[in-house]
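Quick caveat, the model's predicted, so the values are computed rather than measured. Chain A is the first sequence line, chain B the second, and so forth, proteins listed ahead of strands; every chain is numbered from 1.
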Amino acid sequence: MEAARWAVAVAADGSARYCPLTREGTAAEAPRSAADPAAALRAAPPGTRWVWRSTAEVAGALAAGVDVARCYDVEAAEAVLLGHEGAFGEPRGLPAALARLRGLPVPPDPPAPAAGDAQPSLFEDSARPVLPGGTDPLTALLEVYGAQLRRTAATEHPGRLTLLLAAESAGALVAAEMDAAGLPWRADVHLALLDELLGPAPPGGLEPRRLTELAGEVSAAFGFRVRPDLPAQVLAAFRGAGFPVRSTRSWELRQVDHPAVAPLLEYKRLYRVHTAHGRNWLRSWVHEGRFRARYVPGGAASGRWTTNGGGALQIPRVVRRAVRADPGWRLVVADAAQLEPRVLAAVSGDPALAEVAAQEGDLYAALSLRLFSGDRERAKLAVLGAVYGQTSGEGLRHLAGLRGRYPVAVRYVDEAAEAGERGRLVRTHLGRTCPPAEAGDDGLGGEVPEGGEPPSRRGAAARARGRFTRNFVVQGSAAEWALLMLAALRRSLAGTPAELVFFQHDEVIVHCPAEQAAQVAAAVRAAGEAAGRLAFGASPVRFPFTVAVVECYADAKA
DNA sequence: CAATTCGGGGGG
DNA sequence: CCCACCCCCCGAATTG
C-alpha cells in the first residue's frame, strides 16, 4: 500500500544524487548520480514518493514534464512541524533545520521573491544557502528527513500529521504545475472588455474616457469639481450637501439620495477594473495566452493559499470573461458546495449537523427547513455567525437557534474561541497549528477610546484572538480537505491531456478537451469524496461540488 | 526621497 | 446595508 520512497538532492552545480529509502528514511542503497534532477526522477519506478528539499528545487524538471506521482517536501514539512512544536518564526529551510539538529547557529531563510520579480533561476548558486560545514546535500536531506519522521511519530496524532505533511507536499506539487501551466487568458477578449467598459485606450496612459465622463457627472451633480478617487473630497462634498456619511464606501453611498451617487458608484466600479485589471495588469501578467500566477501554498495562517503578485485569487467576475478554453477544449469549473459548514459537521462530530451534511443538496436550504422556516439566507447567516464569531446584530438570535439544535458543532467552535482567548494552542483537524498572537496584540498600544477607561482593551484583544482561533479550526480544516482533494484530482488526471489550471480555496478549474469534460467532472466529484474519507474517516458528511462545463469562466456562475 | 499607512475595492 | 473570519492590491496621503 505504502508507496516506495526515494530521495533526491540537487548539488550546487545542478547535478543530482538520489537513492531509494528504508522505512526509517535512511539510504537503502548507495546513492547514484545524475546530470540533473529530471534524469534522477526518471530512474525510480512509477508511483514512487520522492523526498526532496523543496518542490521549487525540481520545478524545472516538473515543467519539462517528468511524471512524479507523489512527493514529500521537507521544507514545507518543516514549517508545519515547527508550528506544531510551537516554534513559529524559526527558519524552515534545510540549512536551518540541519543546524537545529546539530546545535549550530541557525541561518535565516533566504528572502522571499518580491511580487514583481521574475521566476528565480533554477540553478542560481548564489541564491542557495550553504549547508553547515559544507555537508553534502543528500546527506543533509536524509538527516533532516529522518528526524522529521521521528518528530511526526512523537505527536499525539501521528497519522493525521503524516497525512497533513503529505497533503502539503501534494499542494506544493500542484502549485508548481499550475504555475507552469497558467490559466488560459484571452488578451484580445480582455482588451475588448476594457474598451467596452472604459472607452478606447487613450494615448500615453491618460485616464480612460469613461472615467473622465463619470468624474464630470459627479462634479456636475455637486456643482463644483470633485475628484471621485479622493475619499476626503467626496466625503466633504456629501457632508456639504447635507448627508452625514461616515465613509464613502459603496454600501453606505447606496443609501444616499443624491444625483452624484449613481455616477460615483459606476466610477468606483470601473476605476477598480482600470487600476487592478487594466492594460498594465494585462501587460505584466498575461503572456502567450496564459495568466501565470505564482501560488504560495500555505501562504495564509489557516493553510489557505495566497499568490505572489497578479492577484490570481481576486479575479473580479466581470474580468472572468477573458478566461476562455482553447478551441475544442472546455473549462470544468467546480465549486465545493457549502464547504465550511460541512467541514464543521465533520470535525465537530455533531450527529444532527452531520445528518444534514450527509445530503448532497444545498445545506443551507436544508438547515433553513429545520430551523429557520425555510429562510435560506437566515440559515446561512447563522452558520457564518457561528464560524466567524459574530458579536452583534440580528444574526446573534439565529445563532442561538443553531446552538440549541446543533450544540456539539457550536460548542466545538466556542471551545476553539475560548482556547484562543486564554492563549492556548489551537490546531486544525490534521494538526496545523494556529500561530501565536503577535506581540503588541495585547491591546496595550493604540489609542484609547474617549470617555474614560475602556471596559477592557485587553478583553477586546482577547476576544479578537478568540474569533481568529474560532475561525481557524474550520477554515484551516477546510483548507486541508481542499489539499487532499487537489492531490486526488491530480492523480486521477495524470496521464490525460487535462490540466489543472486554477485553485481558489474551494474551487478548481480543469482545462481539458471537450470530450473529456464529463470524465473530469466525475473525477472532481470523486476527489472531493475521497478527500472527505481520508481527512475525516467514517463521517457521513458528503462533499459535493457544483460543476459547470463551460468555454468561458464568466459563464460558470449564474 | 522611500517606506508605511489609510481608504477603498476585489476574492473566498 | 453592515456585522464576524482569511486574504491581495491599488493610489493617495502621511511619515521617517
Side-chain angles (χ1 to χ4, degrees), chain A residues 114-116 207 211 227-235 245-256 261 264-278 280-281 284-285 293-296 298-320 335-340 343-344 377 380-399 413 416-417 420 426 428 432 434-435 446 460 463-479 482 502-508 553 557:
Chain A
E207 181 179 63
L211 289 180
R227 279 184 54 183
D229 58 330
L230 299 185
Q233 272 190 26
V234 175
L235 210 53
V245 287
R246 286 165 47 255
S247 75
T248 69
R249 301 191 104 95
S250 297
W251 67 265
E252 193 162 359
L253 294 184
R254 255 188 276 278
Q255 345 229 344
V256 174
V261 169
L264 188 53
L265 293 177
E266 181 68 356
Y267 180 95
K268 284 171 178 287
R269 184 182 142 250
L270 297 180
Y271 180 75
R272 161 80 188 171
V273 173
H274 170 59
T275 57
H277 289 273
N280 287 338
W281 180 89
S284 308
W285 292 102
R294 280 143 59 195
Y295 290 97
V296 183
S302 60
R304 297 220 298 199
W305 294 14
T306 59
T307 58
N308 196 346
L313 304 186
Q314 301 100 231
I315 303 169
R317 294 184 183 275
V318 62
V319 177
R320 296 180 184 184
D335 206 298
Q338 308 96 37
L339 179 58
E340 294 202 349
V343 166
L344 175 59
E377 273 313 293
K380 181 172 176 177
L381 286 178
V383 171
L384 293 181
V387 171
Y388 291 157
Q390 185 158 12
T391 56
S392 65
E394 206 184 356
L396 274 191
R397 272 193 297 111
H398 306 144
L399 183 55
V413 286
V426 172
T428 60
R432 189 186 306 276
C434 188
R463 283 192 296 278
R465 177 73 186 162
R467 287 193 299 274
F468 176 60
T469 53
R470 168 191 298 268
N471 184 255
F472 177 86
V473 294
V474 178
Q475 187 183 115
S477 299
F502 189 66
F503 169 60
Q504 183 176 226
H505 312 313
D506 60 357
E507 178 183 357
V508 289
Y553 186 20
K557 302 240 167 155

Please classify the nucleic acid contact of R320(A) as base, sugar-phosphate, or nothing, using heavy-atom distances under 4.0 Å.
sugar-phosphate
Would you please confirm or rule out a distance under 4.0 Å between OP1 or OP2 of dG9(B) and any side-chain N or O of S250(A)?
yes
Keeping the roles fixed (side chain from Q255(A), backbone from W251(A)), state whether a donor-acceptor pair exists under 3.5 Å.
yes
How would you label the contact of A312(A) with the nucleic acid (heavy atoms, under 4.0 Å): base, sugar-phosphate, or nothing?
nothing
Length of the line joining D229(A):CG and dC6(B):C1', which is rounded to integer Å:
14 Å
Whole-Å distance separating the CG atom of L235(A) from the C1' atom of dG8(B):
12 Å
Sorted by chain and number, sequence neighbours left out, salt bridge (Lys or Arg N to Asp or Glu O under 4.0 Å) with R465(A) holds for none
Starting at atom OH of Y271(A), determine the distance to atom P of dC10(C), rounded to an integer number of angstrom.
11 Å
Toward the 5' end of DNA chain C, which comes first, G310(A) or Q255(A), by nearest nucleotide?
Q255(A)
Please tabulate the protein-to-nucleotide N/O contacts below 3.5 Å involving nucleotides 2-4 of chain C, giving atom names and distances.
residue, atom, partner, partner atom, Å
dC3(C), O2, Q390(A), NE2, 2.8
dC3(C), O2, S392(A), O, 3.4
dC3(C), N3, Q390(A), NE2, 3.1
dA4(C), O3', R467(A), NE, 2.9

Does some side-chain heavy atom of V508(A) sit less than 4.5 Å from a side-chain heavy atom of F502(A)?
no
So how far off straight is the helix from dC1(B)-dG16(C) to dG12(B)-dC5(C), going by the axes through five pairs at either end, to 10°?
10°
Is the side chain of R294(A) donor-acceptor paired with the backbone N or O of G309(A) at a distance under 3.5 Å, no angle test?
no
Does the pair R269(A) and E266(A) meet the rule for a salt bridge (charged side-chain N to carboxylate O under 4.0 Å, His left out), with working shown?
CA-CA 5 Å; R269(A) 184 182 142 250; E266(A) 181 68 356; 3.0 Å; yes
Given C434(A), which of V473(A), T428(A), T469(A), N471(A) fulfils the side-chain contact (heavy atoms from CB on, under 4.5 Å) condition?
T469(A)
For R470(A), which contact category applies under a 4.0 Å heavy-atom criterion: base, sugar-phosphate, or nothing?
nothing
Between dC9(C) (C1') and I315(A) (CD1): distance, integer Å:
14 Å
Search all heavy atoms of R304(A) against all heavy atoms of Q475(A) and return the closest pair with its distance.
NE-OE1, 3.5 Å
Integer-rounded Å distance: dG8(B) P and E252(A) CD:
9 Å
Is there a donor N/O on one and an acceptor N/O on the other, under 3.5 Å, for the side chain of R304(A) and the base of dG12(B)?
yes
Would you mind reading off the distance between N308(A) atom CG and dC9(C) atom C1', rounded to a whole angstrom?
12 Å
Short side-chain to backbone donor-acceptor contact, R470(A) and A386(A), under 3.5 Å:
yes
Closest heavy-atom pair and its distance - W285(A), G310(A)
CZ2-N, 3.1 Å
Report which part of the nucleic acid R246(A) touches: base, sugar-phosphate, or nothing (heavy-atom distance under 4.0 Å, all strands).
nothing
Which whole-number value in Å describes the distance from L253(A) CG to dG8(B) C1'?
11 Å
Can you tell me how far P of dG12(B) sits from CD of E340(A), to the nearest Å?
13 Å
Nearest listed nucleotide, side chain of Q475(A), among dG8(B), dC9(C), dC6(C):
dC6(C)
Considering only side-chain heavy atoms of T306(A), which listed nucleotide, dC7(C), dG11(B), dC6(C), is closest?
dC7(C)
Q314(A) has a side chain; which of dG8(B), dA12(C), dG11(B) sits nearest to it?
dG11(B)
With the side chain defined as heavy atoms from C-beta on, Q504(A) is closest, among dG8(B), dA12(C), dG11(B), to dG11(B)
Does the side chain of R272(A) get closer than 4.0 angstrom to OP1 or OP2 of dG11(B) through an N or O atom?
no
At their closest point, which heavy atom of F468(A) faces which heavy atom of P435(A), and how far apart are they?
CE2-O, 4.4 Å
